Amino acid sequence: MTITQFLFTLFCTVGFCLGWRIITDKGQLLYFLRKPFDLLADKIEINKDRINAITQFSPINLEIYRLENRILIYETIIYLSKPVITCITCLSSVLGVTIFATLNGLSLNNIHFIILNSVMAAFIQTFIWNIYDKYL
């Protein structure tokens, strides 16, 4: 693999991940894909507030157990959605490998390039996203 080919793959990964994150952001065209995960985060906060309110009156309650299980399920769903839609840094893991495999193919000789591509893309796109999010 040449350095030009690697840089092309890296910039394709960064560009695609940033584009995917922007187009699924609030108020954008594909926000409906991200909205359920944003709502789950709100539900987690609501359930934590309920647990705090219940524990003030009764520290041992079956409702607390049910709410804690619900929070665990919500947090697991959000955790699994990070490399696909919600986390700009995590996008480079799944989407980066997919883009690399699409452009260059998968082989044992390319494993170190795949890892390097994903890590470098994560740093670059997080840096760009923080600037975009802060100033725009």
Side-chain angles (χ1 to χ4, degrees):
M1 169 175 271
T2 65
I3 192 76
T4 307
Q5 188 177 6
F6 178 76
L7 289 175
F8 176 75
T9 305
L10 177 65
F11 291 128
C12 285
T13 303
V14 170
F16 183 82
C17 290
L18 284 170
W20 180 250
R21 177 62 177 90
I22 289 170
I23 203 164
T24 58
D25 203 17
K26 192 170 188 170
Q28 299 298 326
L29 182 65
L30 296 179
Y31 178 65
F32 69 92
L33 296 172
R34 184 186 174 88
K35 187 175 182 178
F37 304 109
D38 289 344
L39 295 176
L40 280 180
D42 294 339
K43 287 182 181 181
I44 288 172
E45 292 304 316
I46 290 170
N47 286 332
K48 285 182 179 179
D49 291 341
R50 286 181 185 168
I51 289 173
N52 290 335
I54 292 171
T55 54
Q56 289 179 355
F57 299 107
S58 172
I60 301 172
N61 193 332
L62 187 59
E63 182 71 13
I64 293 172
Y65 178 73
R66 189 178 64 80
L67 290 172
E68 287 174 345
N69 284 338
R70 188 179 295 169
I71 289 171
L72 182 64
I73 291 170
Y74 293 161
E75 287 176 343
T76 304
I77 292 170
I78 289 173
Y79 179 77
L80 293 174
S81 73
K82 284 185 176 192
V84 181
I85 199 161
T86 58
C87 175
I88 188 65
T89 307
C90 305
L91 283 174
S92 67
S93 61
V94 172
L95 296 178
V97 171
T98 305
I99 292 168
F100 189 94
T102 302
L103 295 176
N104 303 309
L106 285 177
S107 71
L108 290 176
N109 296 334
N110 287 341
I111 294 295
H112 59 285
F113 288 118
I114 292 172
I115 294 168
L116 190 62
N117 179 61
S118 294
V119 171
M120 288 177 71
F123 282 112
I124 294 169
Q125 65 200 31
T126 302
F127 177 74
I128 294 172
W129 179 258
N130 287 337
I131 292 171
Y132 171 81
D133 198 31
K134 185 175 181 179
Y135 295 111
L136 297 177

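It should be emphasised that the depicted structure is a prediction, and the values quoted were computed from it without experimental measurement.
With sequence neighbours excluded, the residues that form a side chain to side chain donor-acceptor pair (under 3.5 Å) with Arg66 are Glu63.
Shown here for Thr76 and Leu72, the closest heavy-atom pair between the two residues is OG1-O, 2.8 Å. Nearest heavy-atom pair, Cys90 versus Cys87, reported as atom, atom and distance to 0.1 Å: SG-SG, 2.9 Å. When all heavy atoms are compared, the tightest approach of Ile85 to Leu91 is N-CD2, 3.8 Å. Closest approach of Leu80 and Val84 over heavy atoms only: O-CG2, 4.4 Å.
Between Leu67 and Ile54, the closest side-chain pair of non-hydrogen atoms falls below 4.5 Å. Looking at Thr13 and Leu103, their side chains never come closer than 4.5 Å, going by heavy atoms from C-beta outward. Side-chain contact between Phe32 and Leu30: present, with at least one pair of heavy atoms (C-beta onward) separated by less than 4.5 Å. Ile88 is listed as a side-chain neighbour of Leu18, based on a closest heavy-atom distance under 4.5 Å.
Atom CD1 of residue Ile78 and atom OH of residue Tyr74 lie 10.0 Å apart, to the nearest 0.5 angstrom. Atoms CZ and OG, from Phe100 and Ser92 in turn, are 13.5 Å apart once rounded to the nearest 0.5 Å. Rounding to the nearest 0.5 angstrom, the gap separating the CG atom in Leu116 from the CG atom in Asn110 is 11.5 Å. Separation of atoms CD1 (Ile73) and CD1 (Ile44) is listed at 11.0 Å; rounding is to 0.5 Å. Taking CG of Asp42 as the start and CD of Glu45 as the end, the distance is 8.0 Å to the nearest 0.5 Å. Residue Ile71 holds its CD1 atom at 10.5 Å from CD1 of Ile46, rounded to the nearest 0.5 Å.
Note on Ile115: it clusters hydrophobically with Phe123, by side-chain heavy-atom contacts below 4.5 Å among ILVMFWY residues. Val94 is not connected to Ile114 by any chain of hydrophobic side-chain contacts under 4.5 Å among Ile, Leu, Val, Met, Phe, Trp and Tyr, and they are in different clusters. Side-chain heavy atoms closer than 4.5 Å link hydrophobic residues (I, L, V, M, F, W, Y) into clusters, and following such links, even through other members, never connects Leu29 to Tyr31. Under a hydrophobic clustering in which Ile, Leu, Val, Met, Phe, Trp and Tyr are joined whenever their side-chain heavy atoms come within less than 4.5 Å, directly or via other members, Tyr79 and Ile77 fall into different clusters. Clustering ILVMFWY residues whenever any of their side-chain heavy atoms sit less than 4.5 angstrom apart, transitively, puts Leu106 in the very cluster that holds Ile99.
Among residues at least two apart or in separate chains, side-chain hydrogen bond (donor to acceptor under 3.5 Å, both in side chains) pairs with a member in residues 16-27 are Arg21-Asp25. Sequence neighbours left out, the pairs with a member in residues 1-10 that pass side-chain hydrogen bond (donor to acceptor under 3.5 Å, both in side chains) are Gln5-Asn104, Thr9-Asn104. Listed by first and then second residue, the side-chain hydrogen bond (donor to acceptor under 3.5 Å, both in side chains) pairs that reach into residues 121-136 are Thr89-Thr126, sequence neighbours excluded. Judged as a ring-ring contact (aromatic ring centres under 6.0 Å, His included), not a single pair has a partner in residues 33-69 (not counting sequence neighbours).
Counted within 6.0 Å of CZ on Phe8, heavy atoms from surrounding residues, nucleotides or ligands total 12 or fewer; the atom is thus considered open.
Members clustered with Leu39: none, using a 4.5 Å side-chain heavy-atom cutoff among hydrophobic residues.
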